[in-house]
Amino acid sequence: MMDLVFVIHGEAQHSLGFPGSREMKDPQLTERGRTDALRLRSLKPLSDADAVIAGPTLRMLQTAELWCEGTPVARFVHPLAGPRQYPFRYDFHTMPCDMPLEPGRLAGRFPKWQLPADLPEYLWLQGIHTLPGLLFAQQADRFLAWCRNLGKERVYIVTEAGTSRAYQAHLAEARCGGARRLLTTMEEDGGGFALSVCSG
């Protein structure tokens, strides 16, 4: 069994409600967001039995890096970890604040984070924010299988609320071929969702 836990990133600049804030490119964590990320160290201590996967935005990676600092946890950044709009809208428009960081910038700014190999370039450039439902379902199955293949007891995905809800809905519809049992619970302190997924 693998516990799959979605963790929502800390408060970021684009979420403060200022005019035009959604047009901000690469919004960072606020001071409150950094404090929230540091709180994760006591709320969810990490070990080498865990893996942390961050979505390729600055706010997600900043949250994950503050949480992981000083731990032996395996660290990955993956474009299938969000952001993802939910519910899906057929406008096919990604706001600047939700655009993923490209691999070159990721490697330069976050050298301790591994990038999975053999992913199509368009996922790094466009992300999954506006993928139509069927394409998202196919990519979600691949991502969940990849998570299981890490062989960890717990896999934490640092993302945002839309992505968490999209994966919840996907798992609830039993599209994940390896999932025989699904348990969904609200995390009291983290604001994320804990999902238990079969490893085989």
Side-chain angles (χ1 to χ4, degrees), residues 3-18 21-22 24-86 94-103 105-116 123-124 127-129 143 146-147 150 152-168 185-195:
D3 288 333
L4 186 68
V5 183
F6 288 85
V7 179
I8 309 306
H9 65 74
E11 180 186 78
Q13 295 168 323
H14 74 299
S15 63
L16 298 178
F18 297 132
S21 58
R22 302 290 295 178
M24 184 182 297
K25 186 167 174 57
D26 301 333
Q28 302 189 54
L29 292 181
T30 63
E31 280 305 311
R32 178 181 172 183
R34 293 177 62 84
T35 300
D36 290 343
L38 291 170
R39 279 184 64 230
L40 284 168
R41 294 183 187 176
S42 57
L43 291 173
K44 295 285 183 186
L46 298 168
S47 74
D48 57 6
D50 306 320
V52 172
I53 305 167
T57 66
L58 188 56
R59 60 190 183 271
M60 295 174 191
L61 279 156
Q62 286 177 327
T63 299
E65 188 156 75
L66 286 167
W67 180 21
C68 293
E69 189 175 349
T71 72
V73 70
R75 308 165 196 209
F76 301 91
V77 56
H78 202 299
L80 296 179
R84 167 78 177 169
Q85 57 175 281
Y86 187 86
T94 301
M95 299 295 286
C97 63
D98 289 325
M99 290 298 294
L101 296 169
E102 55 273 14
R105 293 178 65 199
L106 288 168
R109 294 193 68 166
F110 299 94
K112 294 181 180 178
W113 292 77
Q114 300 177 63
L115 279 65
L123 283 177
W124 289 110
I128 58 170
H129 195 263
F143 178 58
W146 181 84
C147 289
L150 293 175
K152 298 294 185 178
E153 293 177 16
R154 289 165 300 275
V155 175
Y156 295 97
I157 300 174
V158 180
T159 186
E160 42 77 59
T163 307
S164 175
R165 289 195 284 266
Y167 275 102
Q168 265 202 154
T185 58
M186 284 294 293
E187 291 288 328
E188 290 184 4
D189 293 305
F193 296 92
L195 300 122

Quiz item: What is the distance from atom CD1 of Ile8 to atom CZ of Phe6, rounded to the nearest 0.5 Å?
Solution: 9.0 Å
Exercise. Determine, step by step, whether Leu4 and Tyr167 satisfy the side chain to side chain contact (heavy atoms under 4.5 Å, CB included) criterion, reporting the C-alpha distance in whole Å, the side-chain angles of both residues, the deciding distance to 0.1 Å, and the verdict.
Key: CA-CA 11 Å; Leu4 186 68; Tyr167 275 102; over 6 Å; no
Quiz item: Looking only at heavy atoms, what is the nearest atom pair of Thr57 and Pro83, with distance?
Solution: CG2-CD, 3.6 Å
Quiz item: CG/Leu80 to CG/Leu123 distance, rounded to the nearest 0.5 angstrom?
Solution: 5.5 Å
Exercise. Specify the closest pair of heavy atoms between Ala81 and Ile157, including all atoms of both residues, with the distance to one decimal.
Key: CB-CG2, 3.8 Å
Quiz item: Where do Val158 and Val52 come nearest, in terms of heavy atoms and distance?
Solution: CG2-CG1, 4.0 Å
Quiz item: Can you name the nearest heavy-atom pair linking Trp113 to Val77, along with the distance?
Solution: CE3-N, 4.3 Å
Quiz item: About how many Å separate CG of Leu40 and OG1 of Thr35, when rounded to the nearest 0.5 Å?
Solution: 11.5 Å
Quiz prompt | Distance, nearest 0.5 Å, that separates CG of Leu38 from CG of Leu43 | solution = 11.0 Å
Quiz prompt | Test side chain to side chain donor-acceptor pair (under 3.5 Å) applied to Thr159 - qualifying residues, sequence neighbours left out | solution = Thr163
Quiz item: Leu58 versus Phe110: any side-chain heavy-atom pair under 4.5 Å?
Solution: yes
Quiz prompt | Test side chain to side chain donor-acceptor pair (under 3.5 Å) applied to Gln13 - qualifying residues, sequence neighbours left out | solution = none
Practice problem: Assign the ring pair Tyr156 / Trp67 to parallel, tilted or perpendicular, where the plane angle (0 to 90°) is split at 30° and 60°. | Solution: perpendicular
Practice problem: Can you run down the salt bridge (Lys or Arg N to Asp or Glu O under 4.0 Å) pairs that involve residues 62-76, sequence neighbours left out, and say none if there aren't any? | Solution: Arg41-Glu69
Quiz prompt | Partners meeting side-chain contact (heavy atoms from CB on, under 4.5 Å) with Pro100 (sequence neighbours left out) | solution = Pro56
Exercise. Indicate the atoms forming the closest heavy-atom contact of Ala54 with Ala64, along with that distance.
Key: CB-CB, 3.9 Å
Quiz item: What residue pairs, at least two apart or across chains, pass salt bridge (Lys or Arg N to Asp or Glu O under 4.0 Å) with a residue in residues 48-63?
Solution: Asp50-Arg154, Arg59-Asp98
Quiz item: Which residues satisfy the side-chain contact (heavy atoms from CB on, under 4.5 Å) test with Phe76, sequence neighbours excluded?
Solution: Ala51, Ile53, Ala74, Gln114, Trp146, Leu150
Quiz item: Taking everything shown except Arg105 itself, do over 12 heavy atoms lie less than 6.0 Å from its CZ?
Solution: yes
Exercise. Measure the CZ-OG1 distance between Arg84 and Thr94 for me, rounded to the nearest 0.5 Å.
Key: 10.0 Å
Exercise. Indicate the atoms forming the closest heavy-atom contact of Ala12 with Thr30, along with that distance.
Key: C-CG2, 3.8 Å
Self-check item: Interatomic spacing from CD in Glu31 to CD in Glu11 - rounded to 0.5 Å
Solution: 10.5 Å
